[in-house]
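Please read the structure below before turning to the comments.
Sequence lines set the chain letters: A, B, ... in the order given, protein chains first and strands last, and positions in each chain run from 1.
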Protein chains: 2
Amino acid sequence: MTAPARKETISSRVLADLRSAILRNELPPGAKINLDHLRERFDTSISPLREALARLTADGLVLFEDQRGFRVSPVSAAELDDILEMRAILEVAALCEAVRHGTMDWESNIIRALHRLGRTSPTNDADQWLTSHDAFHNALIAGTPRMMLRRTCAGLIDLSRRYRVLTGLVGDGGDGADVHEGIAMAAVRRDAEEAAQRLASHLAAERTLLTRSFARLSNDR
Amino acid sequence: MTAPARKETISSRVLADLRSAILRNELPPGAKINLDHLRERFDTSISPLREALARLTADGLVLFEDQRGFRVSPVSAAELDDILEMRAILEVAALCEAVRHGTMDWESNIIRALHRLGRTSPTNDADQWLTSHDAFHNALIAGTPRMMLRRTCAGLIDLSRRYRVLTGLVGDGGDGADVHEGIAMAAVRRDAEEAAQRLASHLAAERTLLTRSFARLSNDR
DNA sequence: CAATCCAGAATCATCGATTATGCGCGAAAG
DNA sequence: CTTTCGCGCATAATCGATGATTCTGGATTG
């Protein structure tokens with residue numbers, strides 16, 4: 001066994017719940033986090049709550065300031081651009097590595113993620129679609145042996161999600177034929193060049209759309 | 001004023017001390033962290049200590065496992081390779097951005113960091129040399145407006161440090177003429193191509209040296 | 001009218017004690 | 001002789017209470 005099946009700490013449970021709440025923008029970007037309210041909501045005491053929040057700062061989802069507590073990381077056009085620039089660099093690099101080193105498990109997980117993504121309706125269940133979409137991107141890069149690269153990309157993909165929720169940009173922007181399928185096929189075919197190319201342009205398209213939508217959103221307020 | 005001069009929390013003080021202790025390998029890689037001992041050492045209670053450790057997981061310097069507490073992240077050839085690969089990608093990209101966007105402050109901080117590095121003896125005060133060296137690398141990329149890129153690179157530079165301490169690889173590996181000066185001059189001259197080229201080959205050299213030294217170290221034990 | 005100051009309230013940070021869990025070791029079983 | 005079990009100890013995790021700091025809003029002053 002690889003997992004000794006340890007009992008989860010309260011801190012870890014709260015961590016997972018909080019992350020999910022933030023990623024779904026239930027705790028909106030920039031919001032002040034009131035420890036007492038959350039303590040009550042999670043029916044626990046301050047210590048595990050603070051610990052969970054401290055751990056969330058690792059992902060960039062929460063900010064901490066001495067004597068002023070925690071708040072949900074705000075969103076900004078600058079951060080959005082940073083995120084997508086870094087994804088463009090790292091995710092493409094990771095995919096190339098994955099194509100070189102991926103096992104059959106990697107391949108099949110891509111196929112599975114692609115299928116699930118295809119079977120999810122962006123309009124019907126937005127939340128589920130986002131989850132499937134992010135899972136697909138993670139599946140693509142899962143083949144690289146570089147754990148650090150995987151984790152960093154995963155973090156960036158998480159950060160992207162809030163912007164999609166915020167702008168309501170769920171579903172590929174009517175890109176026409178399924179872009180994801182093209183990436184997946186090239187990857188499984190072990191065509192690194194082609195896969196990288198397609199992923200890069202998919203990310204570029206996402207970047208244009210998200211940036212534009214977010215700018216519009218900011219202006220409207 | 002930009003800084004309201006808030007009083008530092010105990011948690012933050014402990015965080016800084018712990019980070020420094022880990023980066024100097026005073027708390028060696030892989031070491032189990034005993035909460036009671038550290039609590040006594042820092043003359044505080046468990047809560048701020050746990051919080052500081054939780055925050056340190058953000059940098060990858062500390063690992064946490066449910067019901068088993070914290071330990072210093074272990075070192076490995078694989079992680080070393082990951083770190084240096086990501087530095088090669090991100091730091092070069094960041095430098096290019098910095099050359100494009102850097103202000104005069106950025107330039108002068110590079111010159112200053114270079115000077116300090118030159119005036120520090122690797123053999124005489126190894127710790128100080130490492131600090132100056134890392135500061136120089138951070139100064140190079142400080143010009144990019146992308147905060148996320150800066151932070152990520154800074155984290156990677158921190159992670160590298162432990163390997164240098166561990167292998168005793170302090171000082172440029174007798175690279176001959178001062179490599180750092182070459183990078184700095186190209187950067188200040190706003191020659192992105194040349195600066196990137198020089199930084200890339202500096203990092204490549206560091207990679208070869210560190211990888212070899214670390215492998216030797218691992219074999220000897 | 002604007003800026004400053006000062007309670008009092010709200011909130012954060014820390015502590016010491018308590019509970020829960022995992023680990024090591026020796027005894028018992030096979 | 002090896003494996004398994006269970007007890008007791010070391011340690012981690014959590015709690016509720018207390019001490020500090022910041023924030024708020026209204027009175028005061030220039």
Q: Would you mind reporting whether B:Thr144 and B:Arg150 have side-chain heavy atoms less than 4.5 Å apart?
A: yes

Q) CG of A:Leu53 versus P of D:dT14: gap in Å, rounded? A) 14 Å

Q | Set of salt bridge (charged side-chain N to carboxylate O under 4.0 Å, His left out) partners for A:Arg212, sequence neighbours left out | A | none

Q: Verify the contact: side-chain N or O of B:Lys32 to OP1 or OP2 of C:dC23, cut-off strictly under 4.0 Å; return yes or no.
A: no

Q: Can you tell me the distance, in whole Å, between the NZ atom of A:Lys7 and the P atom of C:dC23?
A: 15 Å

(Q) Distance check needed: D:dC15 P versus A:Glu40 CD, whole Å only. (A) 14 Å

Q. Can you give one letter per nucleotide of nucleotides 13-19 of chain C, going 5' to 3': B for a protein heavy atom under 4.0 Å from the base, S for sugar-phosphate only, - for none?
A. SBB----

Q. CZ of B:Arg39 versus C1' of D:dA13: gap in Å, rounded?
A. 15 Å

(Q) If you compare every side-chain N and O of B:Asn34 against the phosphate oxygens of D:dA10 (OP1, OP2), does one of them come in below 4.0 Å? (A) no

Q. Are B:Arg87 and B:Ser160 side-chain neighbours, meaning at least one heavy-atom pair lies under 4.5 Å?
A. yes

Q) Is A:Arg161 salt-bridged to A:Asp158, going by a charged N under 4.0 Å from an acidic O? A) no

Q. When the distance from CG of A:Asp36 to P of C:dC12 is rounded to whole Å, what number comes out?
A. 7 Å

Q: Give A:Ile33 one of three labels, base, sugar-phosphate or nothing, depending on what nucleic acid heavy atoms sit under 4.0 Å from its own.
A: sugar-phosphate

**Q.** Trace of the salt bridge (charged side-chain N to carboxylate O under 4.0 Å, His left out) decision for A:Glu51 with B:Arg50
**A.** CA-CA 7 Å; A:Glu51 197 170 314; B:Arg50 289 185 68 93; 2.7 Å; yes

Q: Report yes or no: do B:Arg55 and B:Ser11 form a side-chain donor-acceptor pair below 3.5 Å?
A: yes

Q: Give the rounded distance in Å between these two atoms: CZ of A:Arg71 and C1' of C:dC12.
A: 16 Å

